Engineer: 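What follows is a single structure, and I will ask about it in a moment.
Proteins get letters first, then strands, A, B, ... in listed order; numbering begins at 1 in each. All figures in this text were calculated on a predicted structure; none of them were measured in a lab. All values below were derived from every heavy atom in this structure, side-chain atoms included, with hydrogens, water molecules and symmetry-related copies excluded.
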Protein chains: 2
Amino acid sequence: MGTTQLESVPEPKYWHLRTVLSEALDSEFEVGEILPNERDLAARFGVARATLRQALEQLELEGRLQRRRGVGTTVAPPRVGVAVGTPDHTWPGTADDAWQPADCRLAAPPAAVADALETDRDEPVHTVRRSRVSHGQPVAAELLYVPPASVPELTAIDAPSGPARARAVLRELQRGDLERQESAVELGSAGADDAKELDRLPGAPVLVVTTRYLAGGRTAALSVATYRADTCRLTFGESGDVQIHHGPQTQAS
Amino acid sequence: MGTTQLESVPEPKYWHLRTVLSEALDSEFEVGEILPNERDLAARFGVARATLRQALEQLELEGRLQRRRGVGTTVAPPRVGVAVGTPDHTWPGTADDAWQPADCRLAAPPAAVADALETDRDEPVHTVRRSRVSHGQPVAAELLYVPPASVPELTAIDAPSGPARARAVLRELQRGDLERQESAVELGSAGADDAKELDRLPGAPVLVVTTRYLAGGRTAALSVATYRADTCRLTFGESGDVQIHHGPQTQAS
DNA sequence: TAGTGGTCTAGACCACTGA
DNA sequence: CAGTGGTCTAGACCACTAG
(Lines give C-alpha, C1' and ligand atoms only; values in the text may rest on other atoms or scores of the structure.)
Protein backbone atom coordinates (compact mmCIF):
# COMPACT_ATOMS: atom_id res chain seq x y z
CA MET A 1 0.00 0.00 0.00
CA GLY A 2 2.31 2.66 -1.28
CA THR A 3 0.45 5.94 -1.44
CA THR A 4 -1.10 7.32 1.67
CA GLN A 5 -3.26 10.14 0.35
CA LEU A 6 -6.58 10.24 -1.41
CA GLU A 7 -7.09 12.68 -4.24
CA SER A 8 -10.14 14.84 -4.13
CA VAL A 9 -12.69 13.15 -6.39
CA PRO A 10 -16.44 13.51 -6.73
CA GLU A 11 -16.98 9.93 -5.60
CA PRO A 12 -17.37 9.09 -1.90
CA LYS A 13 -14.16 8.63 0.04
CA TYR A 14 -15.12 5.23 1.33
CA TRP A 15 -15.79 4.00 -2.17
CA HIS A 16 -12.52 5.24 -3.51
CA LEU A 17 -10.83 3.77 -0.48
CA ARG A 18 -12.49 0.46 -1.19
CA THR A 19 -11.01 0.47 -4.67
CA VAL A 20 -7.54 1.38 -3.46
CA LEU A 21 -7.61 -1.31 -0.79
CA SER A 22 -9.00 -3.85 -3.22
CA GLU A 23 -6.10 -3.30 -5.59
CA ALA A 24 -3.65 -3.47 -2.73
CA LEU A 25 -5.15 -6.79 -1.67
CA ASP A 26 -4.62 -8.16 -5.17
CA SER A 27 -1.05 -7.09 -5.50
CA GLU A 28 0.51 -6.86 -2.08
CA PHE A 29 -1.19 -9.35 0.21
CA GLU A 30 -1.41 -13.08 0.58
CA VAL A 31 -4.49 -15.01 1.69
CA GLY A 32 -4.58 -15.15 5.46
CA GLU A 33 -2.26 -12.21 5.93
CA ILE A 34 -3.38 -9.75 8.58
CA LEU A 35 -3.86 -6.09 7.72
CA PRO A 36 -2.77 -3.20 9.92
CA ASN A 37 -5.41 -2.33 12.49
CA GLU A 38 -8.24 0.05 11.70
CA ARG A 39 -6.83 3.01 13.59
CA ASP A 40 -3.51 2.79 11.80
CA LEU A 41 -5.13 2.31 8.41
CA ALA A 42 -7.43 5.27 8.94
CA ALA A 43 -4.51 7.48 9.93
CA ARG A 44 -2.48 6.26 6.98
CA PHE A 45 -5.20 7.27 4.53
CA GLY A 46 -6.07 10.43 6.37
CA VAL A 47 -9.71 9.54 7.06
CA ALA A 48 -11.82 8.97 10.13
CA ARG A 49 -12.03 5.46 11.42
CA ALA A 50 -15.73 5.26 10.58
CA THR A 51 -14.98 6.02 6.95
CA LEU A 52 -12.25 3.43 6.81
CA ARG A 53 -14.64 0.93 8.36
CA GLN A 54 -17.22 1.65 5.66
CA ALA A 55 -14.67 0.61 3.06
CA LEU A 56 -13.73 -2.52 5.01
CA GLU A 57 -17.40 -3.45 5.33
CA GLN A 58 -17.77 -3.35 1.57
CA LEU A 59 -14.76 -5.58 1.10
CA GLU A 60 -16.01 -7.98 3.73
CA LEU A 61 -19.39 -8.11 1.98
CA GLU A 62 -17.58 -9.01 -1.21
CA GLY A 63 -15.77 -11.82 0.53
CA ARG A 64 -12.35 -10.23 0.25
CA LEU A 65 -11.75 -9.66 3.95
CA GLN A 66 -12.52 -11.40 7.18
CA ARG A 67 -12.73 -9.46 10.42
CA ARG A 68 -12.74 -10.93 13.88
CA ARG A 69 -13.15 -8.93 17.05
CA GLY A 70 -10.18 -9.09 19.33
CA VAL A 71 -8.04 -10.58 16.57
CA GLY A 72 -7.82 -8.40 13.48
CA THR A 73 -8.60 -8.18 9.80
CA THR A 74 -7.28 -10.86 7.48
CA VAL A 75 -7.34 -11.44 3.75
CA ALA A 76 -10.07 -13.96 3.02
CA PRO A 77 -9.57 -17.01 0.82
CA PRO A 78 -11.73 -17.29 -2.33
CA ARG A 79 -15.31 -18.23 -1.62
CA VAL A 80 -16.05 -21.93 -1.48
CA GLY A 81 -18.55 -23.29 -3.96
CA VAL A 82 -21.41 -25.05 -2.19
CA ALA A 83 -23.73 -27.21 -4.22
CA VAL A 84 -27.39 -26.61 -3.45
CA GLY A 85 -29.21 -27.23 -6.70
CA THR A 86 -29.17 -31.01 -6.78
CA PRO A 87 -30.91 -33.31 -4.32
CA ASP A 88 -27.58 -35.06 -3.74
CA HIS A 89 -26.47 -32.24 -1.56
CA THR A 90 -29.60 -31.33 0.30
CA TRP A 91 -32.00 -34.26 0.36
CA PRO A 92 -31.18 -35.93 3.63
CA GLY A 93 -28.85 -38.81 3.97
CA THR A 94 -27.26 -38.96 0.55
CA ALA A 95 -23.74 -40.22 0.16
CA ASP A 96 -21.38 -37.32 0.72
CA ASP A 97 -23.46 -35.90 3.51
CA ALA A 98 -21.99 -32.68 4.79
CA TRP A 99 -24.99 -32.06 6.99
CA GLN A 100 -24.90 -32.70 10.67
CA PRO A 101 -28.22 -33.05 12.50
CA ALA A 102 -28.29 -31.01 15.66
CA ASP A 103 -31.77 -31.24 17.05
CA CYS A 104 -35.38 -32.13 16.40
CA ARG A 105 -38.58 -30.88 17.90
CA LEU A 106 -42.25 -31.43 17.15
CA ALA A 107 -43.98 -28.07 17.03
CA ALA A 108 -46.33 -25.90 15.05
CA PRO A 109 -44.33 -24.11 12.32
CA PRO A 110 -44.61 -20.47 11.30
CA ALA A 111 -47.84 -19.78 9.47
CA ALA A 112 -46.13 -19.26 6.12
CA VAL A 113 -44.44 -22.65 6.42
CA ALA A 114 -47.69 -24.38 7.29
CA ASP A 115 -49.30 -22.84 4.23
CA ALA A 116 -46.53 -24.05 1.97
CA LEU A 117 -46.71 -27.52 3.47
CA GLU A 118 -50.48 -27.49 3.10
CA THR A 119 -50.97 -28.48 6.70
CA ASP A 120 -53.16 -26.83 9.27
CA ARG A 121 -51.56 -23.85 10.88
CA ASP A 122 -51.56 -25.39 14.30
CA GLU A 123 -50.63 -28.89 13.24
CA PRO A 124 -47.23 -29.76 14.67
CA VAL A 125 -44.48 -30.81 12.26
CA HIS A 126 -41.07 -32.29 12.84
CA THR A 127 -38.58 -29.46 12.88
CA VAL A 128 -35.04 -30.64 12.29
CA ARG A 129 -32.14 -28.33 12.82
CA ARG A 130 -29.00 -29.18 10.87
CA SER A 131 -25.72 -27.48 10.17
CA ARG A 132 -23.55 -27.86 7.14
CA VAL A 133 -19.78 -27.88 7.23
CA SER A 134 -17.38 -27.39 4.34
CA HIS A 135 -13.61 -27.34 4.50
CA GLY A 136 -13.82 -27.47 8.27
CA GLN A 137 -15.88 -24.28 8.43
CA PRO A 138 -19.59 -23.99 9.22
CA VAL A 139 -21.29 -22.65 6.11
CA ALA A 140 -24.99 -23.10 6.71
CA ALA A 141 -27.67 -23.54 9.34
CA GLU A 142 -30.97 -25.10 8.30
CA LEU A 143 -34.43 -25.65 9.61
CA LEU A 144 -36.13 -28.57 7.90
CA TYR A 145 -39.89 -28.88 8.35
CA VAL A 146 -41.25 -32.40 7.90
CA PRO A 147 -44.98 -33.05 8.23
CA PRO A 148 -45.77 -36.31 10.05
CA ALA A 149 -47.45 -37.60 6.89
CA SER A 150 -44.06 -37.69 5.18
CA VAL A 151 -42.61 -40.04 7.78
CA PRO A 152 -45.53 -42.38 8.50
CA GLU A 153 -43.44 -45.19 9.92
CA LEU A 154 -41.58 -43.07 12.39
CA THR A 155 -42.05 -44.60 15.78
CA ALA A 156 -42.32 -42.41 18.79
CA ILE A 157 -39.93 -44.69 20.59
CA ASP A 158 -36.93 -44.14 18.35
CA ALA A 159 -35.76 -41.23 20.41
CA PRO A 160 -37.64 -38.48 22.20
CA SER A 161 -35.65 -35.56 20.86
CA GLY A 162 -32.14 -34.37 20.11
CA PRO A 163 -29.72 -35.47 17.36
CA ALA A 164 -30.78 -39.11 17.52
CA ARG A 165 -34.38 -38.13 16.90
CA ALA A 166 -33.27 -35.89 14.05
CA ARG A 167 -31.44 -38.78 12.40
CA ALA A 168 -34.49 -41.00 12.76
CA VAL A 169 -36.70 -38.42 11.05
CA LEU A 170 -34.22 -37.96 8.22
CA ARG A 171 -33.87 -41.71 7.76
CA GLU A 172 -37.61 -42.17 7.45
CA LEU A 173 -37.97 -39.15 5.20
CA GLN A 174 -35.42 -40.55 2.81
CA ARG A 175 -37.57 -43.64 2.21
CA GLY A 176 -39.84 -41.50 0.08
CA ASP A 177 -38.96 -40.99 -3.58
CA LEU A 178 -38.02 -37.42 -4.26
CA GLU A 179 -39.49 -36.18 -7.51
CA ARG A 180 -37.99 -32.77 -7.71
CA GLN A 181 -37.14 -29.71 -5.69
CA GLU A 182 -37.74 -26.01 -6.09
CA SER A 183 -35.48 -23.44 -4.51
CA ALA A 184 -35.37 -19.71 -4.04
CA VAL A 185 -32.40 -17.61 -2.97
CA GLU A 186 -32.56 -14.24 -1.30
CA LEU A 187 -30.47 -12.01 0.89
CA GLY A 188 -31.13 -11.90 4.59
CA SER A 189 -29.42 -11.29 7.89
CA ALA A 190 -28.53 -13.87 10.47
CA GLY A 191 -30.61 -14.04 13.60
CA ALA A 192 -28.96 -14.51 16.96
CA ASP A 193 -29.11 -18.31 16.86
CA ASP A 194 -28.02 -18.71 13.26
CA ALA A 195 -25.25 -16.21 13.85
CA LYS A 196 -23.86 -18.27 16.69
CA GLU A 197 -23.99 -21.45 14.65
CA LEU A 198 -22.26 -19.75 11.73
CA ASP A 199 -19.66 -18.16 13.97
CA ARG A 200 -20.73 -14.66 12.99
CA LEU A 201 -22.30 -11.67 14.70
CA PRO A 202 -26.06 -11.11 14.60
CA GLY A 203 -27.06 -9.28 11.46
CA ALA A 204 -24.34 -10.84 9.36
CA PRO A 205 -25.43 -11.16 5.72
CA VAL A 206 -26.64 -14.59 4.72
CA LEU A 207 -28.05 -16.17 1.61
CA VAL A 208 -31.38 -17.67 2.53
CA VAL A 209 -32.20 -20.74 0.48
CA THR A 210 -35.80 -21.87 0.68
CA THR A 211 -36.37 -25.31 -0.79
CA ARG A 212 -39.54 -27.28 -1.31
CA TYR A 213 -39.13 -31.04 -1.73
CA LEU A 214 -41.79 -32.76 -3.79
CA ALA A 215 -42.50 -36.46 -3.44
CA GLY A 216 -45.59 -38.41 -4.36
CA GLY A 217 -47.26 -35.28 -5.67
CA ARG A 218 -47.06 -33.67 -2.28
CA THR A 219 -44.72 -31.30 -0.54
CA ALA A 220 -42.76 -33.81 1.49
CA ALA A 221 -40.62 -31.31 3.31
CA LEU A 222 -39.61 -27.71 3.34
CA SER A 223 -36.22 -26.31 4.20
CA VAL A 224 -35.03 -22.84 5.10
CA ALA A 225 -31.25 -22.74 5.08
CA THR A 226 -29.05 -19.74 5.76
CA TYR A 227 -25.62 -19.74 4.15
CA ARG A 228 -22.78 -17.42 5.11
CA ALA A 229 -22.80 -14.85 2.36
CA ASP A 230 -19.22 -13.82 2.97
CA THR A 231 -17.68 -17.23 2.46
CA CYS A 232 -20.09 -19.09 0.19
CA ARG A 233 -20.88 -19.24 -3.49
CA LEU A 234 -24.00 -21.31 -4.11
CA THR A 235 -23.82 -23.53 -7.18
CA PHE A 236 -26.78 -24.93 -9.09
CA GLY A 237 -26.64 -27.72 -11.63
CA GLU A 238 -23.93 -30.38 -11.95
CA SER A 239 -21.68 -28.44 -9.60
CA GLY A 240 -19.92 -26.87 -12.54
CA ASP A 241 -17.64 -24.60 -10.66
CA VAL A 242 -17.58 -21.30 -12.45
CA GLN A 243 -15.46 -18.83 -10.60
CA ILE A 244 -15.58 -15.49 -12.32
CA HIS A 245 -16.83 -12.71 -10.22
CA HIS A 246 -14.34 -10.51 -8.42
CA GLY A 247 -15.43 -7.16 -7.08
CA PRO A 248 -17.89 -4.78 -8.63
CA GLN A 249 -18.39 -5.04 -12.35
CA THR A 250 -16.65 -2.33 -14.27
CA GLN A 251 -17.25 -1.79 -17.92
CA ALA A 252 -14.77 0.31 -19.80
CA SER A 253 -16.84 2.19 -22.33
CA MET B 1 -44.84 2.74 17.03
CA GLY B 2 -46.12 3.23 20.50
CA THR B 3 -43.25 3.14 22.93
CA THR B 4 -40.43 5.55 22.50
CA GLN B 5 -37.80 4.19 24.85
CA LEU B 6 -35.39 1.28 24.61
CA GLU B 7 -34.81 -0.88 27.66
CA SER B 8 -31.27 -1.53 28.65
CA VAL B 9 -30.42 -4.95 27.24
CA PRO B 10 -27.13 -6.69 26.58
CA GLU B 11 -27.79 -6.74 22.85
CA PRO B 12 -26.70 -3.86 20.61
CA LYS B 13 -29.10 -0.95 20.43
CA TYR B 14 -29.28 -1.01 16.67
CA TRP B 15 -30.23 -4.67 16.70
CA HIS B 16 -32.94 -4.20 19.24
CA LEU B 17 -34.13 -1.18 17.31
CA ARG B 18 -34.26 -3.26 14.17
CA THR B 19 -36.55 -5.73 15.91
CA VAL B 20 -38.82 -3.03 17.27
CA LEU B 21 -39.10 -1.35 13.90
CA SER B 22 -39.64 -4.66 12.15
CA GLU B 23 -42.61 -5.43 14.36
CA ALA B 24 -43.97 -1.94 13.86
CA LEU B 25 -43.72 -2.43 10.11
CA ASP B 26 -45.75 -5.61 10.36
CA SER B 27 -48.51 -4.17 12.46
CA GLU B 28 -48.74 -0.47 11.84
CA PHE B 29 -47.64 0.26 8.32
CA GLU B 30 -48.85 -0.39 4.82
CA VAL B 31 -46.68 -1.13 1.81
CA GLY B 32 -45.57 2.13 0.25
CA GLU B 33 -46.21 4.19 3.34
CA ILE B 34 -43.47 6.64 4.21
CA LEU B 35 -41.80 6.56 7.60
CA PRO B 36 -40.90 9.62 9.66
CA ASN B 37 -37.52 11.02 8.70
CA GLU B 38 -34.32 9.73 10.26
CA ARG B 39 -33.77 12.68 12.58
CA ASP B 40 -37.26 12.39 14.01
CA LEU B 41 -37.05 8.64 14.39
CA ALA B 42 -33.68 8.86 16.11
CA ALA B 43 -35.02 11.45 18.55
CA ARG B 44 -38.13 9.41 19.17
CA PHE B 45 -36.08 6.36 20.18
CA GLY B 46 -33.48 8.39 22.00
CA VAL B 47 -30.51 7.29 19.93
CA ALA B 48 -28.03 8.99 17.67
CA ARG B 49 -28.92 9.21 14.02
CA ALA B 50 -26.04 6.90 13.09
CA THR B 51 -27.44 4.19 15.32
CA LEU B 52 -30.90 4.57 13.87
CA ARG B 53 -29.39 4.37 10.42
CA GLN B 54 -27.67 1.10 11.29
CA ALA B 55 -31.06 -0.40 12.08
CA LEU B 56 -32.59 0.97 8.88
CA GLU B 57 -29.71 -0.47 6.87
CA GLN B 58 -30.45 -3.91 8.25
CA LEU B 59 -34.11 -3.62 7.33
CA GLU B 60 -33.23 -2.38 3.87
CA LEU B 61 -30.88 -5.35 3.43
CA GLU B 62 -33.74 -7.63 4.34
CA GLY B 63 -35.95 -6.02 1.73
CA ARG B 64 -38.34 -4.48 4.26
CA LEU B 65 -37.54 -0.84 3.56
CA GLN B 66 -36.65 1.27 0.60
CA ARG B 67 -34.73 4.49 1.06
CA ARG B 68 -34.31 7.21 -1.54
CA ARG B 69 -32.21 10.28 -1.07
CA GLY B 70 -34.19 13.47 -1.19
CA VAL B 71 -37.44 11.57 -0.84
CA GLY B 72 -37.65 9.47 2.26
CA THR B 73 -37.95 5.94 3.61
CA THR B 74 -40.87 3.81 2.50
CA VAL B 75 -42.15 0.36 3.36
CA ALA B 76 -41.04 -1.99 0.60
CA PRO B 77 -43.36 -4.44 -1.12
CA PRO B 78 -42.53 -8.16 -0.82
CA ARG B 79 -39.61 -9.23 -2.97
CA VAL B 80 -40.44 -10.27 -6.48
CA GLY B 81 -39.59 -13.81 -7.50
CA VAL B 82 -37.31 -13.84 -10.53
CA ALA B 83 -36.78 -17.11 -12.37
CA VAL B 84 -33.16 -17.78 -13.18
CA GLY B 85 -32.81 -21.55 -13.04
CA THR B 86 -34.39 -22.49 -16.32
CA PRO B 87 -33.14 -21.60 -19.79
CA ASP B 88 -36.56 -20.12 -20.56
CA HIS B 89 -35.70 -17.08 -18.59
CA THR B 90 -32.09 -16.51 -19.38
CA TRP B 91 -31.23 -18.17 -22.68
CA PRO B 92 -31.68 -15.35 -25.14
CA GLY B 93 -34.79 -14.79 -27.13
CA THR B 94 -37.20 -17.17 -25.50
CA ALA B 95 -40.87 -16.34 -25.40
CA ASP B 96 -41.54 -14.19 -22.38
CA ASP B 97 -38.34 -12.24 -22.81
CA ALA B 98 -37.92 -9.74 -20.03
CA TRP B 99 -34.42 -8.91 -21.19
CA GLN B 100 -33.70 -5.77 -23.11
CA PRO B 101 -30.45 -5.63 -25.07
CA ALA B 102 -28.61 -2.39 -24.50
CA ASP B 103 -25.29 -2.67 -26.25
CA CYS B 104 -22.74 -4.94 -27.84
CA ARG B 105 -19.01 -4.65 -28.22
CA LEU B 106 -16.30 -6.94 -29.51
CA ALA B 107 -13.46 -6.97 -27.01
CA ALA B 108 -11.12 -9.16 -25.05
CA PRO B 109 -12.89 -10.31 -21.88
CA PRO B 110 -11.44 -10.43 -18.36
CA ALA B 111 -8.89 -13.21 -18.00
CA ALA B 112 -11.15 -15.32 -15.79
CA VAL B 113 -13.91 -15.18 -18.38
CA ALA B 114 -11.56 -16.16 -21.19
CA ASP B 115 -10.42 -19.16 -19.16
CA ALA B 116 -13.99 -20.30 -18.55
CA LEU B 117 -14.82 -19.88 -22.22
CA GLU B 118 -11.67 -21.75 -23.15
CA THR B 119 -10.61 -19.01 -25.53
CA ASP B 120 -7.28 -17.27 -25.70
CA ARG B 121 -6.98 -14.48 -23.20
CA ASP B 122 -6.62 -11.82 -25.84
CA GLU B 123 -9.17 -13.24 -28.25
CA PRO B 124 -12.04 -10.79 -28.57
CA VAL B 125 -15.55 -12.01 -27.78
CA HIS B 126 -18.94 -10.46 -28.31
CA THR B 127 -19.90 -8.71 -25.10
CA VAL B 128 -23.60 -8.05 -24.88
CA ARG B 129 -25.01 -5.83 -22.20
CA ARG B 130 -28.64 -6.46 -21.29
CA SER B 131 -30.96 -5.32 -18.57
CA ARG B 132 -33.90 -7.17 -17.12
CA VAL B 133 -37.13 -5.55 -16.08
CA SER B 134 -39.83 -7.00 -13.89
CA HIS B 135 -43.03 -5.30 -12.80
CA GLY B 136 -41.79 -2.09 -14.36
CA GLN B 137 -38.66 -2.02 -12.22
CA PRO B 138 -35.11 -2.80 -13.34
CA VAL B 139 -34.00 -5.91 -11.52
CA ALA B 140 -30.81 -7.03 -13.21
CA ALA B 141 -27.91 -5.92 -15.36
CA GLU B 142 -26.02 -8.54 -17.29
CA LEU B 143 -22.86 -8.96 -19.29
CA LEU B 144 -23.09 -11.86 -21.72
CA TYR B 145 -19.85 -13.11 -23.25
CA VAL B 146 -20.26 -14.90 -26.57
CA PRO B 147 -17.23 -16.31 -28.36
CA PRO B 148 -17.37 -15.82 -32.14
CA ALA B 149 -17.35 -19.59 -32.58
CA SER B 150 -20.83 -19.72 -31.04
CA VAL B 151 -22.29 -17.40 -33.66
CA PRO B 152 -20.53 -18.55 -36.85
CA GLU B 153 -23.08 -17.11 -39.23
CA LEU B 154 -23.09 -13.66 -37.76
CA THR B 155 -22.35 -11.24 -40.55
CA ALA B 156 -20.33 -8.19 -39.87
CA ILE B 157 -22.82 -6.17 -41.84
CA ASP B 158 -25.82 -6.78 -39.59
CA ALA B 159 -25.02 -3.79 -37.48
CA PRO B 160 -21.76 -2.31 -36.28
CA SER B 161 -22.66 -1.98 -32.62
CA GLY B 162 -25.39 -0.90 -30.26
CA PRO B 163 -28.73 -2.58 -29.48
CA ALA B 164 -29.27 -3.75 -33.04
CA ARG B 165 -25.94 -5.53 -33.02
CA ALA B 166 -26.80 -7.06 -29.65
CA ARG B 167 -30.05 -8.43 -31.01
CA ALA B 168 -28.23 -9.91 -33.99
CA VAL B 169 -25.76 -11.70 -31.76
CA LEU B 170 -28.54 -13.05 -29.54
CA ARG B 171 -30.52 -14.22 -32.55
CA GLU B 172 -27.58 -16.15 -33.94
CA LEU B 173 -26.68 -17.55 -30.55
CA GLN B 174 -30.16 -18.92 -30.15
CA ARG B 175 -29.75 -21.07 -33.26
CA GLY B 176 -27.53 -23.38 -31.23
CA ASP B 177 -29.14 -26.10 -29.15
CA LEU B 178 -28.68 -25.45 -25.49
CA GLU B 179 -27.86 -28.64 -23.61
CA ARG B 180 -27.79 -27.37 -20.09
CA GLN B 181 -26.66 -24.51 -17.91
CA GLU B 182 -24.74 -24.21 -14.68
CA SER B 183 -25.16 -21.28 -12.35
CA ALA B 184 -23.60 -19.93 -9.22
CA VAL B 185 -24.98 -17.27 -6.90
CA GLU B 186 -22.95 -15.07 -4.61
CA LEU B 187 -23.22 -11.75 -2.85
CA GLY B 188 -21.52 -8.73 -4.34
CA SER B 189 -21.77 -5.00 -4.53
CA ALA B 190 -22.85 -2.97 -7.52
CA GLY B 191 -20.21 -1.11 -9.44
CA ALA B 192 -20.85 2.42 -10.61
CA ASP B 193 -22.30 1.37 -13.98
CA ASP B 194 -24.46 -1.47 -12.66
CA ALA B 195 -25.66 0.80 -9.88
CA LYS B 196 -26.88 3.38 -12.35
CA GLU B 197 -28.66 0.78 -14.42
CA LEU B 198 -30.33 -0.68 -11.33
CA ASP B 199 -31.25 2.75 -10.00
CA ARG B 200 -29.19 2.26 -6.86
CA LEU B 201 -26.10 3.84 -5.32
CA PRO B 202 -22.66 2.34 -5.90
CA GLY B 203 -21.95 -0.40 -3.41
CA ALA B 204 -25.55 -1.50 -3.20
CA PRO B 205 -25.82 -5.22 -2.43
CA VAL B 206 -26.46 -7.42 -5.44
CA LEU B 207 -26.82 -11.11 -6.08
CA VAL B 208 -24.27 -12.04 -8.72
CA VAL B 209 -25.43 -14.92 -10.89
CA THR B 210 -22.72 -16.47 -13.03
CA THR B 211 -24.09 -18.82 -15.66
CA ARG B 212 -22.32 -21.05 -18.11
CA TYR B 213 -24.35 -22.16 -21.15
CA LEU B 214 -23.37 -25.48 -22.67
CA ALA B 215 -24.18 -26.34 -26.26
CA GLY B 216 -22.58 -28.89 -28.53
CA GLY B 217 -20.24 -30.00 -25.78
CA ARG B 218 -18.76 -26.54 -25.57
CA THR B 219 -19.27 -23.47 -23.46
CA ALA B 220 -21.43 -21.49 -25.86
CA ALA B 221 -21.70 -18.41 -23.71
CA LEU B 222 -21.07 -17.10 -20.26
CA SER B 223 -23.16 -14.61 -18.37
CA VAL B 224 -22.50 -12.50 -15.30
CA ALA B 225 -25.73 -10.95 -14.11
CA THR B 226 -26.19 -8.73 -11.08
CA TYR B 227 -29.64 -8.72 -9.47
CA ARG B 228 -30.86 -6.16 -6.96
CA ALA B 229 -30.58 -7.99 -3.67
CA ASP B 230 -33.08 -5.74 -1.95
CA THR B 231 -35.97 -6.35 -4.31
CA CYS B 232 -35.31 -9.80 -5.82
CA ARG B 233 -35.76 -13.38 -4.79
CA LEU B 234 -34.10 -15.72 -7.29
CA THR B 235 -36.05 -18.87 -8.04
CA PHE B 236 -34.65 -22.10 -9.41
CA GLY B 237 -36.64 -24.93 -10.90
CA GLU B 238 -40.17 -24.73 -12.31
CA SER B 239 -40.64 -21.29 -10.83
CA GLY B 240 -42.34 -22.78 -7.81
CA ASP B 241 -42.86 -19.64 -5.87
CA VAL B 242 -42.06 -20.41 -2.27
CA GLN B 243 -42.34 -17.32 -0.17
CA ILE B 244 -41.40 -18.09 3.37
CA HIS B 245 -38.55 -16.06 4.65
CA HIS B 246 -39.28 -12.99 6.66
CA GLY B 247 -36.59 -11.46 8.80
CA PRO B 248 -33.89 -13.25 10.74
CA GLN B 249 -34.62 -16.79 11.75
CA THR B 250 -35.59 -17.13 15.35
CA GLN B 251 -35.90 -20.47 17.02
CA ALA B 252 -37.72 -20.60 20.29
CA SER B 253 -35.92 -23.24 22.30
C1' DT C 1 -3.45 -6.87 30.32
C1' DA C 2 -2.74 -4.83 25.84
C1' DG C 3 -4.65 -4.69 21.43
C1' DT C 4 -8.31 -5.70 18.30
C1' DG C 5 -12.76 -4.83 16.07
C1' DG C 6 -17.81 -3.45 17.47
C1' DT C 7 -20.93 0.08 19.13
C1' DC C 8 -22.39 4.73 19.94
C1' DT C 9 -22.51 9.76 20.12
C1' DA C 10 -23.30 14.67 18.53
C1' DG C 11 -22.36 17.19 15.58
C1' DA C 12 -21.35 19.06 10.35
C1' DC C 13 -21.85 19.37 5.51
C1' DC C 14 -23.22 17.45 0.91
C1' DA C 15 -26.32 15.63 -2.99
C1' DC C 16 -30.53 15.01 -4.34
C1' DT C 17 -35.77 15.47 -4.77
C1' DG C 18 -39.92 17.79 -5.28
C1' DA C 19 -42.99 21.65 -4.59
C1' DC D 1 -36.46 26.46 -1.80
C1' DA D 2 -36.98 23.28 2.36
C1' DG D 3 -36.54 18.58 3.52
C1' DT D 4 -34.69 14.12 2.74
C1' DG D 5 -31.13 10.57 3.00
C1' DG D 6 -25.78 10.06 2.25
C1' DT D 7 -21.15 11.08 3.83
C1' DC D 8 -17.75 12.30 7.18
C1' DT D 9 -15.54 13.60 11.51
C1' DA D 10 -13.30 12.99 16.19
C1' DG D 11 -13.92 11.42 19.75
C1' DA D 12 -15.58 7.63 23.65
C1' DC D 13 -16.43 3.25 25.58
C1' DC D 14 -17.38 -1.81 25.24
C1' DA D 15 -16.58 -6.96 24.16
C1' DC D 16 -13.59 -10.00 22.89
C1' DT D 17 -9.00 -12.50 22.07
C1' DA D 18 -4.60 -13.94 23.04
C1' DG D 19 -0.17 -13.75 25.32
Engineer: Per the side-chain contact (heavy atoms from CB on, under 4.5 Å) rule, which among A:Thr211, A:Val209, A:Val208, A:Leu144 passes with A:Val224?
Structural biologist: A:Val208
Engineer: Determine whether more than 12 heavy atoms belonging to other residues, nucleotides or ligands lie under 6.0 Å from atom CZ of A:Arg49.
Structural biologist: yes
Engineer: State which of D:dT7, C:dT9, D:dT9 makes the closest approach to the side chain of A:Val47.
Structural biologist: D:dT9
Engineer: Would you mind telling me which of D:dT4, D:dA10, C:dG6 lies closest to the side-chain atoms of A:Ala48?
Structural biologist: D:dA10
Engineer: CH2 of B:Trp15 versus C1' of D:dA15: gap in Å, rounded?
Structural biologist: 18 Å
Engineer: For A:Glu38 and D:dC14, give me the distance from atom CD to atom P, rounded to whole Å.
Structural biologist: 18 Å
Engineer: What nucleotide, of D:dC8, D:dG6, C:dC8, holds the atom closest to the side chain of B:Gln54?
Structural biologist: C:dC8
Engineer: Roughly how many Å is it from CZ in B:Arg39 to P in C:dC14, rounded to a whole number?
Structural biologist: 14 Å
Engineer: Please figure out whether A:Leu52 or A:Gly70 has its closest DNA chain D nucleotide nearer the 5' end.
Structural biologist: A:Leu52
Engineer: What nucleotide, of D:dC8, C:dG5, D:dT9, holds the atom closest to the side chain of A:Arg69?
Structural biologist: C:dG5
Engineer: Considering only D:dG5, D:dT7, C:dT9, which nucleotide approaches the side chain of B:Thr51 most closely?
Structural biologist: C:dT9
Engineer: State whether a side-chain donor-acceptor pair under 3.5 Å links A:Thr74 with A:Gln66.
Structural biologist: no
Engineer: Among the candidates C:dG5, D:dG6, D:dC8, find the nucleotide nearest to the side-chain atoms of B:Arg67.
Structural biologist: D:dG6
Engineer: Going by modelled atom types, is there a donor-acceptor pair between the base of D:dG6 and the side chain of B:Arg49 at under 3.5 Å?
Structural biologist: yes
Engineer: Are there over 12 heavy-atom neighbours, none belonging to B:Asn37, within less than 6.0 Å of that residue's CG?
Structural biologist: yes
